[in-house]
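In what follows, a single structure is set out as structure tokens and then discussed.
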There are 2 protein chains.
Amino acid sequence: MKILIVEDEPKIGNYLRQGLTEAGFIIDLARDGLDGLHLALTEDYNLAILDVMLPGIDGWEVLQGIRRAGKEMPVLFLTARDSVDDRVKGLELGADDYLVKPFAFSELLARVRTVLRRGGMTKEYEFLRAADLELDLIRHRVDRSGQKINLTSKEFALLELLMRRQGEVIPRSLIASQVWDMNFDSDTNVIEVAIRRLRAKVDDGFEPKLIHTIRGMGYVLEVAE
Amino acid sequence: MKILIVEDEPKIGNYLRQGLTEAGFIIDLARDGLDGLHLALTEDYNLAILDVMLPGIDGWEVLQGIRRAGKEMPVLFLTARDSVDDRVKGLELGADDYLVKPFAFSELLARVRTVLRRGGMTKEYEFLRAADLELDLIRHRVDRSGQKINLTSKEFALLELLMRRQGEVIPRSLIASQVWDMNFDSDTNVIEVAIRRLRAKVDDGFEPKLIHTIRGMGYVLEVAE
DNA sequence: GAGTACGCATGAAAATTTTGATCGTGGAAG
DNA sequence: CTTCCACGATCAAAATTTTCATGCGTACTC
């Protein structure tokens, strides 16, 4: 599997190259948009990872150049912290996924693998919904009945887990491993507290209640029957 | 590679089995000490993972039984949160490493691989030292000139990184990826702040200073020449 | 049917981590 | 030798997460 990385910051570029090489990919690294586009058009890649901010021509232009030349390889964007619009724009221009800096390397690897597996079939432009609750995975934004809800990262991760598997009872052990990356430790109640905070933001003052406790098992998110 | 897990809590047991199976190991899982010991003596394993707290006979007794029977396989202990003495006892009885619950699965996997690679040659009973600073990796405890220093987990992780590679300049990008599991993001100064806090605890009021800034590069921990 | 134990809920305090603003300083440029 | 600037240092405040003590309700026991 051959991957093209276009990234001007040497630190990030080298880091990505090293990590992905270790993961068994063949990497070409371009330091600016022009080089990147040139490589993209002359070589064959299974995936391109483009930084949006590049000297010379930016990531979008590279993407457009690639598409204009009829190249169909999937493209993954790296965008800066808060530039939500960049992400949307990127996806509209035909990127397949995006990643917000700073990101965990494991996260990048997961995305890379997903995109490669799909072979560029589905875009990662996703919403999750339950009743009047809507979770925007791209903007990392949540609202209920049109009201914006601010969640911290742990809260978001927890809600995302519950939403992705709506109607299923999520055991506490799964929550612990997914959201905290740790095994269950009986003498802490972080999960309960986190659920409490989440309920306060997501369920308090709204109907129907969405987060339900299943005694001895875990939690479910569903519109109760 | 065949691994024996002896763990009574079904959640943890299943979680471990699943995770390690996915990582390509063959797993046998025993639910109590007697079963575990029996399996350990009748089958051949490359590694045993023992919970200390077990119904019937506990982890230590299982270990002793294994050693008495002349089995040399490496043993990794799972111990409860604060029972430091358990860890020390385990290592003294001939365990090869230990892991404190709750732990990240990635952590377990790393330890498993290390222990298997070493093939039970070296015990993980480690201290790191620099001048009069001593870092006890087992007890997760630090002192300087005999005075106990309390570090938070991030602080500890940062100091451990610097200590493990004493004298080397650790680039910020490496710190970011090791301690925060994230790529470098130029508009945050978490690293500087963390270094500050660490210095306040480890260097302020002591001589010689151990943590040095290398402009444009990163940080080194060393006894200055 | 009362007693009781367990699992979860809750609120508040404590601990930790991150952000944001401002200050200092070494080293390059002139 | 000065000036300037980028890089870090530092401090305080804000945000987030964890801990701890206590309360409540359900289900099980007798």
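Quick caveat: nothing in here was measured; it's all calculated off a predicted structure. Proteins get letters first, then strands, A, B, ... in listed order; numbering begins at 1 in each. The figures here come from the full heavy-atom set of this structure, side chains too, leaving out hydrogens, waters and symmetry mates.
Taking atom CD1 of residue Ile170(B) and atom C1' of nucleotide dG8(D), one finds them 18 Å apart after rounding to whole Å. Going from atom CD of Glu192(A) over to atom P of dA21(D) covers 16 Å, rounded to whole Å. The CG atom of Leu158(B) sits 15 Å away from the C1' atom of dT16(C) (whole-angstrom rounding). For the pair Glu155(A) CD and dT16(D) C1', the computed distance is 8 Å after rounding to whole Å. Atom CD1 in Ile211(B) sits about 13 Å away from atom C1' in dA9(D), given to the nearest Å. To the nearest angstrom, P of dG8(D) lies 6 Å from OH of Tyr219(B). Between the CH2 atom of Trp180(B) and the C1' atom of dT18(C) there is a distance of 10 Å, rounded to whole Å.
By the 4.5 Å heavy-atom criterion applied to side chains, Leu20(A) and Leu109(A) are counted as neighbours.
Between Thr188(A) and the phosphate of dT19(D), there is a side-chain N or O to OP1/OP2 separation shorter than 4.0 Å. Between Arg196(A) and the phosphate of dA9(C), there is no side-chain N or O to OP1/OP2 separation shorter than 4.0 Å.
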- request: Would you give a per-nucleotide map of nucleotides 22-30 of chain C, 5' to 3', where B means the base has a protein non-hydrogen atom under 4.0 Å away, S means only the sugar-phosphate does, and - means neither?
  value: --BB-----
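A salt bridge is absent between Asp143(B) and Lys148(B): the closest approach of a Lys/Arg side-chain nitrogen to an acidic carboxylate oxygen does not fall below 4.0 angstrom.
Put simply, the residue from Lys201(B), Arg199(B), Arg196(B) that forms a salt bridge (charged side-chain N to carboxylate O under 4.0 Å, His left out) with Glu155(B) is Lys201(B).
Within a 6.0 Å radius of NE2 in His212(B), more than 12 heavy atoms belonging to other residues, nucleotides or ligands are found.
Using a 4.0 Å heavy-atom cutoff across all strands shown, Arg199(A) reaches sugar-phosphate atoms only and no base atom.
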